[in-house]
**Student:** 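Handing you a structure now.
Values reported hereafter were calculated over all heavy atoms of this structure, with side chains retained and with hydrogens, waters and symmetry mates removed. Residue numbers count from 1 along this sequence.
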Amino acid sequence: MPRYSFRWRGFVDVDTGRETLRLAIPGSFVQWLRDGEEVILVEGNGGIELYRIWDGERVPVWPPFQKLVELQKKDPSTGEPLYSYRIAVQEATTEEEFEKIAELEQYHYASKKETVALWVCPETGEFIESNVRPDCPNAKLVEIKGSLPVSRFLVLKLVDRQPYEPEIVGYVRIDPPIPLMHRRLPDGTVIKNIRERVFPYEWFHPTYWPERLIRELIRQNASYYERRKAFQEIWRKAVEICNTAAARISRVVIHPDYRGDGLGMLAVRSAIEWVSSRRAPEMKKRKHLVETIAQMARYNPFFERVGFKYLWDTKSGRPVLYYPLTEEARRIIENFLKTDPIAREHGGKLYREAYRPADPISGPIVLDGVTKFYENVLDVEGLPEEIQRVLLAFGVDRRRVQKYVLRGAELRIDPGEIVAVVGASGAGKTTLLRIISGLEAPDEGAVYLPENARISTLIPWESEPEFGDEPILQHMYEKLGDIVAAIEVLNLSGLGDAVYYRARFSDLSTGQKERAKIASALADRPNILIIDEFAAHLDSLTAKRVARKITQIARRYGMTLILVVHRPDVLNVIRPDKIVYVGYGGLLVKEQGEGEDAQGV
């Protein structure tokens, strides 16, 4: 293996007795093999398969773990497919894949590095820290900072993607368990070596712990030169010693534009399968457990939704969750949750949903004979002479323009209904929303709202939330008074990344600003949410994600949604209960049957 870039470069020589075969296998695999170890080679149509023998069992080493998954997103009310992803899940093996991992790493919520990758420029020999490929023609990625030499990575690749979409949309990093873990009780008491009190000792030992070997050198009073010379050997020795029956998920990173669609859960499920079938990362002992230590588990439940159980907090206050891979591990976890006084209270559940809109409206929204009439007088008086000449040439001297935007309109919207408003530009869609929300009064007729109506309205350039220089997470928190609920509304709106949490509104792109406005509207805890030009500035896939999320929460809590929608692809995801066609002063209301396709609109 080369000193640098060993993860994606390396080889192993296998003596078959007749010849020596040199197999090109990345160092992330090769480093776990030992000189003189007996292996099995199987030659097939797909190439050579390499297995090691451990405890009398055949453990697959090469080719890398991979599978193809179709992830369908379904209508929350009917279960019908709305859209889907085809994703190739595979272990990272190439330099290009690790470059994409380095780019994604900067989005990890716990990254303490402003720059997360180290590169070398071959022409100058200069080492460069950068999150993306630096301005050097032949720059080579050296390492992803913060990862361990024993870290292994599983990537999620979009199979069917548009040219503007990233190839790799997420990754999982697997490591051996941390060497020591102590538990902090709610009263501050610290219980040392908690895992060994609950699980068998050999499940977590010996783990990757080079620091212990370094301390041994120091105790031996080795010179500075001897220590530096020994570091490479220490790494190899630590790898050789490492052999646990547990694996640790230390990173799950999903591209910010693809969060909220279950890719995080797909990544974790795939990692569990990888650890179980390939015994990653060491490829030695059979694995009993997968552990993760993640502060974000307090604010996002995807680990628990996959089946992880929360057991305790570390000495530093970080929650620890476990997934059992064997029946023995499952029994131990269940027994701990039943017998430990503190665990008995939380029952293995850490995340508590915090966001709730107001209770559903107590009655229908009714428009009874609503009429809205507009009159406008146009003349050329006071205009520049050149402009007047042009207008007069077209016969425009003085005109009185009169039109009925709504004329005797009748509409009933029942509690919890999702209503899509459709019509040509200038047809009166925005006027209808303004009248329902009370921003404008009808000329004739009446609008009846239930007494407990709590309306939040988004009409561009007219009725929108006001953002200052505060981070958008702070904006949501100040409205909701609950940090978990603040994170939830951002996640629901498609801004599920801590980088965006700390961004100011002015830092966001146009599409992100639209999602932030939706989050702010949800933070008002409305039971009637009215949005004009819904998802108008979002690309098709992002619009579908936001539409699915917002209708999901509306149907869950009985929120009434009234959305102006122009795009059939978004209409099909919303699956409205009613479509209201607006035009020429009239309203045409079409009741939608369950699962009815809106493509013809």
**Student:** Is there a donor-acceptor contact under 3.5 Å from the side chain of S270 to the main chain of L266?
**Tutor:** yes
**Student:** Flag the pair D524 and K479 as a salt bridge only when some basic side-chain nitrogen lies within less than 4.0 angstrom of an acidic carboxylate oxygen.
**Tutor:** yes
**Student:** Looking at G363 and P415, what are the two nearest heavy atoms and their distance?
**Tutor:** O-CG, 3.5 Å
**Student:** Looking only at non-hydrogen atoms, find the nearest pair between I579 and V422 and report the distance.
**Tutor:** CG2-CG2, 3.8 Å
**Student:** Which heavy atom of T560 sits nearest to which heavy atom of I365, and what is that distance?
**Tutor:**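 The pair with the smallest heavy-atom distance is CG2-CD1, 4.4 Å.
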**Student:** Any side-chain to backbone donor/acceptor pair from D340 onto A343? Under 3.5 Å, distance only.
**Tutor:** yes
**Student:** Closer than 4.0 angstrom, basic N to acidic O: yes or no for E470 and R504?
**Tutor:** no
**Student:** Please lay out, stage by stage, how K287 and E282 fare under the test salt bridge (charged side-chain N to carboxylate O under 4.0 Å, His left out).
**Tutor:** CA-CA 10 Å; K287 301 294 183 183; E282 308 104 307; 2.4 Å; yes
**Student:** State, without any angle test, whether Y201 and N193 hold a side-chain donor-acceptor pair at a distance under 3.5 Å.
**Tutor:** no
**Student:** Enumerate the residue pairs fulfilling side chain to side chain donor-acceptor pair (under 3.5 Å) with a member in residues 353-365, sequence neighbours excluded, ordered by first and then second residue.
**Tutor:**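 Listed by first then second residue: E353-R556, E353-Y557, S362-N452.
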**Student:** Checking S276 side chain against I272 main chain: does a donor-acceptor pair fall under 3.5 Å?
**Tutor:** no
**Student:** Take V69 and Y85 through the side-chain contact (heavy atoms from CB on, under 4.5 Å) test and state the conclusion after the steps.
**Tutor:** CA-CA 8 Å; V69 179; Y85 303 94; over 6 Å; no
**Student:** If you count every heavy atom of other residues, nucleotides or ligands that lies below 6.0 Å from K67 atom NZ, does the total exceed 12?
**Tutor:** yes
**Student:** Are L561 and I530 side-chain neighbours, meaning at least one heavy-atom pair lies under 4.5 Å?
**Tutor:** no
**Student:** Between E291 and Y323, is there a donor-acceptor pair closer than 3.5 Å when you use the side chain of the first and the backbone of the second?
**Tutor:**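 Not a single qualifying donor-acceptor pair exists.
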**Student:** Taking T189 for the side chain and L185 for the main chain, is one N or O donor matched with an acceptor at less than 3.5 Å?
**Tutor:**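 No, the answer is negative, given that no donor and acceptor are paired below the 3.5 Å cut-off.
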**Student:** Could you check Y299 against I483 for side-chain contact (heavy atoms from CB on, under 4.5 Å), going step by step and ending with a plain yes or no?
**Tutor:** CA-CA 9 Å; Y299 311 111; I483 196 64; 4.2 Å; yes
**Student:** Heavy-atom distance under 4.5 Å between the side chains of I342 and R183, does that happen here?
**Tutor:** yes
**Student:** Give me the atom names and distance for the closest heavy-atom approach of S250 to D175.
**Tutor:** OG-OD2, 2.8 Å
**Student:** Which atom names give the shortest non-hydrogen contact between L311 and F336, and what distance separates them?
**Tutor:** O-CE2, 3.6 Å
**Student:** I need the L104 CG to F153 CZ distance, nearest 0.5 Å.
**Tutor:**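 Separation between the atoms: 11.5 Å.
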**Student:** I'd like to know if the side chain of S520 reaches the main chain of A516, judged simply by a donor and an acceptor atom lying under 3.5 Å from each other, with no hydrogens or angles considered.
**Tutor:** no
**Student:** Indicate yes or no: does R184 engage D313 in a salt bridge with an N to O separation below 4.0 Å.
**Tutor:** no
**Student:** Do Y83 and D569 have side-chain N/O donor and acceptor atoms under 3.5 Å apart?
**Tutor:**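 Side-chain D/A pair, Y83 to D569: absent.
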**Student:** Establish, for the pair R545 and Y258, whether the NZ or CZ atom is under 6.0 angstrom from the six-membered ring centre and no further than 45 degrees off its axis.
**Tutor:** yes
**Student:** If you count every heavy atom of other residues, nucleotides or ligands that lies below 6.0 Å from Y477 atom OH, does the total exceed 12?
**Tutor:** no
**Student:** Is the backbone N or O of V155 less than 3.5 Å from a side-chain atom of K100, with the two atoms forming a donor-acceptor pair by type?
**Tutor:** no
**Student:** Quick one: does R575's side chain get under 4.5 Å of T551's, heavy atoms only?
**Tutor:**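 Of all side-chain heavy-atom pairs linking T551 with R575, none is under 4.5 Å.
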**Student:** I need the R86 CZ to K157 NZ distance, nearest 0.5 Å.
**Tutor:** 14.0 Å
**Student:** Taking the six-membered ring of F65, is NZ or CZ of R278 closer than 6.0 Å to its centre and within 45° of its axis?
**Tutor:** no
**Student:** Whether E464 and K517 form a salt bridge (side-chain N of Lys/Arg under 4.0 Å from carboxylate O of Asp/Glu) is what I want to check.
**Tutor:** yes
**Student:** Is E327 atom CD crowded by more than 12 heavy atoms from other residues, nucleotides or ligands, each under 6.0 Å away?
**Tutor:** yes
**Student:** Check K309 with E334, please: is the shortest side-chain N to carboxylate O separation under 4.0 Å?
**Tutor:**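 No, this pair does not count.
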**Student:** To the closest 0.5 Å, what do you measure between CD1 (I87) and CG (L68)?
**Tutor:** 9.5 Å
**Student:** Run H182 and T314 through side-chain hydrogen bond (donor to acceptor under 3.5 Å, both in side chains) and show every step you take.
**Tutor:** CA-CA 6 Å; H182 308 313; T314 65; over 6 Å; no
**Student:** H205 versus T244: any side-chain heavy-atom pair under 4.5 Å?
**Tutor:** no
**Student:** S151 and side-chain contact (heavy atoms from CB on, under 4.5 Å): which single residue from R251, R173, R248 fits?
**Tutor:**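 That would be R173.
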**Student:** Could you give me the CA-CA distance, side-chain angles and deciding distance for V268 and I249, then say whether side-chain contact (heavy atoms from CB on, under 4.5 Å) is met?
**Tutor:** CA-CA 8 Å; V268 172; I249 294 180; 4.1 Å; yes
**Student:** Going through the distances and angles, do K549 and N491 end up as a side-chain contact (heavy atoms from CB on, under 4.5 Å)?
**Tutor:** CA-CA 9 Å; K549 280 292 187 181; N491 292 346; over 6 Å; no
**Student:** Could R152 and E91 be called an ion pair, given the rule that one side-chain N must be under 4.0 Å from one carboxylate O?
**Tutor:** yes
**Student:** Please answer whether the main-chain N or O of R412 pairs with a side-chain N or O of K578 as donor and acceptor at a distance below 3.5 Å.
**Tutor:** yes
**Student:** Are any non-hydrogen side-chain atoms of R269 and E273 less than 4.5 angstrom apart?
**Tutor:**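 R269 does not reach E273 side chain to side chain.
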**Student:** So, taking the atom named OG1 in T292 and the one named CG in L321, what distance separates them when rounded to the nearest 0.5 Å?
**Tutor:** 7.0 Å
**Student:** Quick check: closest heavy atoms across I178 and M181, and the distance to 0.1 Å?
**Tutor:** CD1-CE, 4.1 Å
**Student:** Could you measure the distance from the CZ atom of F199 to the CD1 atom of I332? Nearest 0.5 Å is fine.
**Tutor:**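 The CD1 atom of I332 is 6.0 Å from CZ of F199, to the nearest 0.5 Å.
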**Student:** Measuring from atom CG of L563 to atom CG of L458, what distance do you get when rounded to the nearest 0.5 angstrom?
**Tutor:**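 Going from CG on L563 over to CG on L458, the span is 10.0 Å.
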**Student:** Side chains of I518 and V489, heavy atoms from C-beta outward: is any pair under 4.5 Å?
**Tutor:**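 No, side chains not in contact.
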**Student:** Taking the side chain from S463 and the backbone from I459, do they hold a donor-acceptor pair closer than 3.5 Å?
**Tutor:** no
**Student:** Strictly by side chain to side chain donor-acceptor pair (under 3.5 Å), give each pair with a member in residues 342-351 just once, sequence neighbours left out.
**Tutor:** Y351-E488
**Student:** Is the closest side-chain donor-acceptor distance between Q552 and R555 under 3.5 Å?
**Tutor:**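 No, no side-chain donor-acceptor pair sits under 3.5 Å.
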**Student:** Are L156 and Y171 packed together at the side-chain level, in the sense that at least one heavy-atom pair is separated by less than 4.5 angstrom?
**Tutor:**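 Answer no - side chains too far apart.
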**Student:** Do P364 and I413 come within less than 4.5 Å of each other through their side chains, counting heavy atoms only?
**Tutor:** no
**Student:** Can you tell me if Q512 uses its side chain to pair, donor with acceptor, with the backbone of S509 under 3.5 Å?
**Tutor:** yes
**Student:** Charged N to carboxylate O below 4.0 Å: is that the case for D539 and K544?
**Tutor:**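 Looking at D539 and K544, the cut-off is not met.
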